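Take a look at the structure below.
This chain uses plain numbering: 1 for the first residue, then up along the sequence. Since we're looking at a predicted model, the values are computed, not measured.
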Amino acid sequence: MTVNVPVGANFQISARPINFANLPFDPTSVTVGQELMVHGQYTLTADQPTVVDANAIYLRAQTMQGGLSSLINVGSDGMSGAFWLGTCSTLLQNAPVVVLTNSQTTFVNVFGLAEISPQATLLVRGLPFFVNGAAVIRDIPVPAGTVVMVARQVHQIQ
């Protein structure tokens, strides 16, 4: 499917309360591997794939699977902070993802960031944002070209 994104297309986040880091979602924060919903005018032709002239694009919450590469920061509450997730996703070309958590993040089978086992498989549910340029997000330095997952849930598989 080909998606034409005109200037002025509306970019929205489908699960806004999850975006506790207040990251922007716009054309620069879209990358391969994100689950997007596209609204617009669809055109079907016999000689080419479906073409969509988008008027709205929504970033959806999704789950990424991987393992703990390293902790970046653990807050005093044990829940807030960040870590590098080594993903199993070939869509992301096995590039690591920065996972941000806060006191509202739910942890399953583990009691917070410091308790995550480096050998365990993790399922992280949240909103993935592509950070095009280097940035500091919630006091965490993020290199250019990194996917940042704002996590609603971190599930450690036993």
| note | Nearest heavy-atom contact between I18 and G126 is CG2-CA, 4.3 Å
| field | Sidechain-backbone polar pair: T2 side chain, V51 backbone, donor-acceptor under 3.5 Å | value | no
| For T101, which of L113, V74, D77, V124 qualifies under side chain to side chain contact (heavy atoms under 4.5 Å, CB included)? | L113
| query | Ignoring hydrogens and geometry, is there a side-chain-to-backbone donor-acceptor pair from Q12 to F25 under 3.5 Å? | reply | no
| said: Quick check: is L123 connected to W84 through a chain of hydrophobic side chains (ILVMFWY, heavy atoms under 4.5 Å apart)? | reply: no
| remark: What one should report as the nearest heavy-atom pair of A21 and L100 is CB-CD1, 4.0 Å
| field | Spatial distance of atom OG1 (T146) from atom CZ (F130) [nearest 0.5 Å] | value | 7.5 Å
| remark: Exactly one candidate in V108, T63, T121 meets side chain to side chain contact (heavy atoms under 4.5 Å, CB included) with H155; the answer is V108
| Backbone of Q156 reached by a side-chain donor or acceptor of N109 within 3.5 Å | yes
| Are the side chain of Q62 and the backbone of G33 linked by a donor-acceptor contact shorter than 3.5 Å? | yes
| field | Aromatic ring proximity H39/Y58, centre distance under 6.0 Å | value | yes
| Over 12 foreign heavy atoms within 6.0 Å of OH, Y42 | yes
| message | Using modelled atom types and a 3.5 Å cut-off, is there a donor and acceptor pairing between side-chain atoms of R152 and backbone atoms of P17? | response | no
| message | Taking R125's backbone N and O only, do any of them form a donor-acceptor pair with Q153's side chain (distance below 3.5 Å, no angle check)? | response | no
| message | Under a 3.5 Å distance rule, please check whether T105 uses its side chain to pair with a backbone N or O of A151 as donor and acceptor. | response | yes
| query | Quick one: do V110 and L71 end up in the same hydrophobic cluster if we chain Ile, Leu, Val, Met, Phe, Trp and Tyr together by side-chain heavy atoms under 4.5 Å apart? | reply | yes
| note | Value for OG (S69) from CG (L122), rounded to nearest 0.5 Å, stands at 9.5 Å
| said: Let me confirm one number: the CG-CG distance from D53 to N4, rounded to the nearest 0.5 Å. | reply: 5.0 Å
| query | Between the side chain of E115 and the main-chain N/O of G112, is any donor-acceptor distance below 3.5 Å? | reply | no
